[in-house]
Every structure is written in structure tokens, then in C-alpha cells.
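Here's the structure we're looking at; comments come further down.
In this text, all values refer to a predicted model and were calculated from it rather than measured experimentally. The chains referred to below are lettered A, B, ... by the order of the sequence lines, with proteins before strands, and numbering in each begins at 1.
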Amino acid sequence: MSTHFIELCKLCEQLEKEASRNLKVNIVVDFLRKISSEEVKFAVYFITGKFPSNLLTLNVGYSTIYQIIKKLSNISDNQYLTEYNKTGDMGETAKKIFEIYPPKTQKTFFEQPSTLTEVYEIFQKIAEFTGESSRVKKQRLIESFLSKITPLEVKYFIKNLIGEMRHGFSEGLMEEAVAKAFNVELEKVRLASMVTGDLGKVCEFLKIFGKDGIEKISLTVFQPIKPMLADLAKNPAEALIRHGGKTSFEFKLDGVRIQIHKKNSNVKIFSRRLKEVTEAFPEIVEKIKHEIKADSFVVEGEIIPTTKNGKPLPFQYIMRRYGRVKNLEKTIKNIATTLYLFDLLYLDGEVLIGKPFYERRKKLEEIAPNQMLTPQLITSNPVEAEKFFEEAIKNGHEGLVAKQLESAYTPGIRGKKWLKIKKVLETLDLVILAAEYGHGYRHDWLSDYYLAAKNLEVKPIFEKDYVSFADYVEKIHNDRFKVVGKTFKGLTDEEIKTLTGKLKNLILEKHGRAVILKPKIVVEVAYSEIQKSPLYSCGYALRFARIVRIREDKTIDEIDTTEKVKEIFEKQFKTTTSNFLER
DNA sequence: CATGTCTGCCCC
DNA sequence: ATTCTGC
DNA sequence: GCAGAATGGGCAGACATG
């Protein structure tokens, strides 16, 4: 018996309205129990809005969907904007528009509503189009499907294309629902989901084989598992307290986190999101093959970009290696990498994720050469810990990670037994030069801010006409300010609301959902690093900018300058790699 | 062929 | 990635 | 304390367009 997509859409509408998590879970439990084993995995994907990685790559985003909505309903940009501004949600907007301007349909009177299987097949077909004119083909297919279904189905089809459901029911709650629907312990469902990376499959498995089968699911070589995540701590002393007085500190390296699987002479490297990236790092594959004394294993570590003598380079350099296929050999010559390992999850037939961290690390030390391990210090002494932190910074790294010695390897956000401690940079005082209305629950607020520093140079640093909105904003202000970043982070909802009111009085120009402002509001901004920017005309951008507070006491004459930004940028790498960066 | 736009359970 | 909010 | 939502800069690749 197949389930109709419209039933699932109605369920999502209920989830959207219901605030209580327990009730949301119950609603989904009933639904999962009703569905056939053939279709239950599709329900899991469609409700959470997420397909397992490697299963489908749609290559369809906002821009394509926007064009489709416009074409089918024949509305103007302004009409779309007016409707979108009411909710801040693309799916809901399309639903409203199609209710008023229904697409011309080729629908016959005998047509049955689409089943979950049929809808999934559409997604598969969208993913399968590649090569020349594939974008048009994708677009045509979506258009023809959207013109056959109801506005409510359009809403959730679009939400699934984008992957943003906004009904407050994501993977964590889906795991709870699956556990409850099949009377299995939550931890078992989570483990199976972590190991297979496909909660839909786990659910299908439970439906067919019942709860006994799930116990057999375990870590397997070449099947990547979700990485353990870390919480934040202010300083090493805090980490010591939270870990009960004694802990293991390691350097926190600024590169990409990877999981390496090896069996006999086969090696595969997976990203944090479990994408295979083996091809980008042939030199790492060779190292793994020759320098680790074991036949089969799963290890975890970080690959950082370095000079040939192993000095850390800025994070941006590793991105030029990541996922690269073209000119790989040439790039390898210019950007070296260094691999640091920090965990061992499986070794020669034995699954180690349930073992305490100190045991996993000890086994790792037995099979891997010392220089391939992250520098580590186990201590209960806050002074020593602080020294180790300083040493990490001095060597050009991000800070430390503290790992509780007894902790098992746990997936996802849950049970954060790891704590990261990052270096803190001096904050900048910047002016808000433009802002954008947010999306979802923030659609009514100016919640995204363009941050700018004072420009003392008479001429712009780059001679070019404006190409981006940020360039245009600078031009409006005669280059008195230079945009160095954008942020939505740091303020509470109340503060955003209040600030929106103030900013509305400062609007100079409106551009769609963006506004250009009189320079008036000064904010103190924290960030993790200053990067070279190909986007902003001043050539620099703040990484992970967030507002610390609104500086009511400061005027725009007192904000920091682009010179200061440049100075901080240069100071960052002085100790390590400044020569390399000159070009 | 050069340049521009869009996309990525992208990476952080 | 970071941050805030509701349960 | 967890789970979810809302968003940042920058990179390469794939395809579209002129």
C-alpha cells in the first residue's frame, strides 16, 4: 500500500504548528508505523528534508527554483518579493503564489495523487541529469511536476529541493521517532545512524527485520561514520574543571578534519561530511600505506596546509587542494600538506569507539609514527596547560582541544566530552553600512549586517567599477568606508528587533531585501581571523565575525581603519609564514 | 574560448 | 563554522 | 543541555552565455 506525498505534506504542516517536541515525535511515530517498508525511508528523507550524502546531488538551488516559480506563475520580481516578505520562506511563498496564479497544467481528470516513491523518482531524475543543457533539463522536469501537483505539495517539494524544512523536526528528533516507532533504545538507533549515515535505511531495516537486526550494525571499514563534535571552553583552566581536574590537551589545528580507512592496500579518505576526498590527497595516501604499522584501521585526524618545511599556512590554502581534480599535480607542488592523527576508531577487526580515549590514543601511538600525531599534553596543572596553549598559538595554530581521558567516541553533538579552546583576537569597532532582512522567523527584521572600517586612503585600493553589492555600498559613501565582513551573529532577538527600528530611520536606498544605511551605528566585532578576500575591494575579510555589543558611546569618527585591519592580518602570520605569503 | 553564475547534506 | 532560543 | 534555525567567507567544478 503506497502513501501519498500529500499525506506527508499535511503531516509537515502539523509539525510546523506544534511547538512541543514530544508531540512532534508522537505525530511522526504514528506516521512511520503506517507506511510500508518500501516507502518508509523516503518518508524519513522527505520529513527531515535531507537525503543521505552520496545518494543524490541535485545541483538545484535558490536561483533555479526562483526562476521556475516565476516562469510557472508569470509574476513579477516585485510580486514575488511582496509575498516572500510575508513569511521569509520559499516553499510557503510558492504555495501562496500558485494558489492565486495556478500554473497551466496538462493534468488529466484521472490522475492520481503522487506517491512517495514517485516523488523520490523525480528527485533521482533531477540528480541524474548531467552535462550540457542539464540545467535546462532539470528545470523542465521540475516545472512539469510542479504544474501537476497541489500548492501544498509544491511547498514541500521546494522545501525538499532546498533542504530547509523550518518545522523544527530534524535528524535528532527523527532518531527519537524511529526508536519509539519500533520500540528500540534510542542509543541503538543513533549508533546505527552514525555508522551507516542513513537513518532512512535504518528505519527500513527495522521495519523489515525488527529490532534484533539492528544490533548487528557496526563500524565497517570504508563505511565512514559521523565525527565526534566539541563544545567551547574559554580557557584551559575551565576545560580542566569541566573534565574533573585532569585532561588531555592537543593542539587545535586549522585545516580539514578527515577520517582515513585502510584495508590491505586500499586507502580511502573521507571528509567531515563523509564525502570521499581520496583523490585530492595522493601524498597522504602514500604516507598512510607506508608509515602505519597495521593492516586495517580507521583513523581520524586533520590535514593542514604547510610550507615544505611543515610551517602552517592559512586555512585558505587547504581549500585549494580540497576536492581538486584539475591541475592537481601542479597545486601539490605549491601547497604542501601535513597530516596529524588524533584518534583510532577501528584496528584489525576490533571496533574501538566504545573504549576510553586514553586507550584509543595509546593504540594509535603504537601503530603511527610520533611526528604524525597531534602534539599532546596530559595534565592536571592549569599553569602547564596555559603554557601549552601559548605554545600552540606561537606555532601558528588555533588553540587547544581538551579530551576527557575516559570518554568513549560519541557521534554528533551529543555528550560533548571534547572542548575546544581558541585564541582570542582584539575586537574591531566597525560601522553598519548596509543590512538585509533575514529569512524564516527573522523575515521581518534587518538581521544581517554589512560591517565596514574607516578608509583613510584617498584612492580605493582596487581600481574597478563595482561588481558586488558591497562595492556599490562603498561607492554610495564615496569610499569613506570599506566593507570587511557581514554578520548575523551575536545579538539576541530582542536586540535585533530594537536595532531594526533604529536602522529603518537611516535608510538611504532599498535594493530588494537589502538596504543601504547612513553610517551611524557602531558595533564592536569579534572574529577568529582576518583573511585575504577576493570579494571585498579592500582585500580583507573577517572570518566568523560576530557582534559583541552595540557601541552607543562611539561615533563613526572613532571606528577602526582599514590600516588597522591590514596590520592585524600581517601580525597573524609574522611568527610563521609571512615570507611565503608575499607575492 | 573566455568569462559569469550557480552549487555544494562544500570546507571552516 | 558561531550564536541564540525553546523545550 | 540538547536540538534546531539562521546565517558568514572562500574554494573548485560544472554548466551557461556571449
Side-chain angles (χ1 to χ4, degrees), chain A residues 19-24 45 48-64 67 88 129-136 138 162-176 197-198 226 229 231-232 254-258 271-275 277 280 302-303 314-328 331 398 412-416 420 422 436 438-443 445 447-451 467 484-496 526-536 540-547:
Chain A
S20 153
R21 278 191 213 154
N22 288 335
L23 288 181
K24 278 184 211 266
Y45 305 153
T48 56
K50 303 269 185 291
F51 300 97
S53 42
N54 308 328
L55 205 63
L56 293 175
T57 304
L58 299 173
N59 274 307
V60 172
Y62 285 102
S63 184
T64 310
Q67 284 168 39
F129 288 124
T130 53
E132 201 173 328
S133 68
S134 60
R135 290 211 176 149
V136 181
K138 284 172 199 274
I162 303 169
E164 283 173 346
M165 300 311 284
R166 296 201 177 105
H167 53 22
F169 193 90
S170 277
E171 203 181 353
L173 295 184
M174 184 56 95
E175 284 169 350
E176 285 183 32
D198 187 343
K226 290 184 198 168
L229 302 180
D231 205 353
L232 263 177
D254 193 13
V256 290
R257 186 165 173 186
I258 43 91
S271 73
R272 178 198 168 94
R273 293 287 198 181
L274 314 187
K275 217 175 87 107
V277 292
E302 187 98 359
I303 299 176
F315 173 78
Q316 280 171 304
Y317 286 76
I318 199 70
M319 293 311 288
R320 292 176 201 167
R321 292 287 310 274
Y322 215 76
R324 181 179 278 276
V325 181
K326 293 175 171 174
N327 298 322
L328 182 58
T331 316
E398 269 191 307
I413 279 163
R414 293 166 287 275
K416 284 176 185 165
K420 52 189 169 186
K422 290 190 164 200
E436 283 172 11
H439 305 268
Y441 80 90
R442 286 181 164 186
H443 69 272
W445 308 333
S447 60
D448 206 1
Y449 313 108
Y450 287 81
L451 308 167
V467 290
V484 293
K486 214 178 151 197
T487 190
F488 58 90
K489 289 195 286 256
L491 300 180
T492 63
D493 288 355
E494 278 308 309
E495 287 171 319
I496 295 172
Y527 52 92
S528 71
E529 190 185 45
I530 292 171
Q531 298 176 294
K532 273 278 184 197
S533 172
L535 174 66
Y536 294 138
Y540 300 100
L542 306 184
R543 188 178 176 197
F544 306 139
R546 65 258 182 202
I547 295 173

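With sequence neighbours excluded, no residue forms a side chain to side chain contact (heavy atoms under 4.5 Å, CB included) with A:R135. For the side chain to side chain contact (heavy atoms under 4.5 Å, CB included) test, residues two or more places apart in sequence or in another chain that qualify with A:D198 are A:Y45, A:P52, A:T196, A:K201. Partners of A:H439 by ring-ring contact (aromatic ring centres under 6.0 Å, His included), not counting sequence neighbours, listed by chain and number: A:Y84. Not counting sequence neighbours, A:R546 has no partner by the salt bridge (charged side-chain N to carboxylate O under 4.0 Å, His left out) test. A:L56 meets the side chain to side chain contact (heavy atoms under 4.5 Å, CB included) test with A:F51, A:Y120, A:F123, A:Q124, A:A127; sequence neighbours excluded. Residues satisfying the side chain to side chain donor-acceptor pair (under 3.5 Å) criterion with A:E436, sequence neighbours excluded, are A:Y450, A:K486. Scored by the ring-ring contact (aromatic ring centres under 6.0 Å, His included) test, A:F129 finds no partners at all (sequence neighbours excluded).
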Scan nucleotides 1-6 of chain B against the protein and return all N/O pairs shorter than 3.5 Å with their distances rounded to 0.1 Å.
from	atom 1	to	atom 2	distance (Å)
B:dC6	OP1	A:S63	OG	2.9

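Contact annotation for A:K422: backbone-only contact, meaning every heavy-atom pair under 4.0 Å involves sugar-phosphate atoms and none involves a base. Residue A:N22 is out of contact with every strand shown, counting any heavy-atom pair closer than 4.0 Å.
Rounded to an integer number of Å, the gap from CD of A:E132 to C1' of D:dC15 is 9 Å.
For the P atoms, the distance from B:dC12 to D:dA6 is 23 Å, rounded to whole Å. Of the P atoms belonging to D:dA14 and B:dC11, the separation is 15 Å, rounded to the nearest Å.
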**Item:** Pair assignment for DNA chain D - dot-bracket with | for other-strand partners, Watson-Crick or G-U under 3.5 Å
**Value:** ||||||||||||||||||
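When the nucleotides C:dT2, D:dA14, B:dC11 are ranked by their closest atom to the side chain of A:K326, D:dA14 comes out on top.
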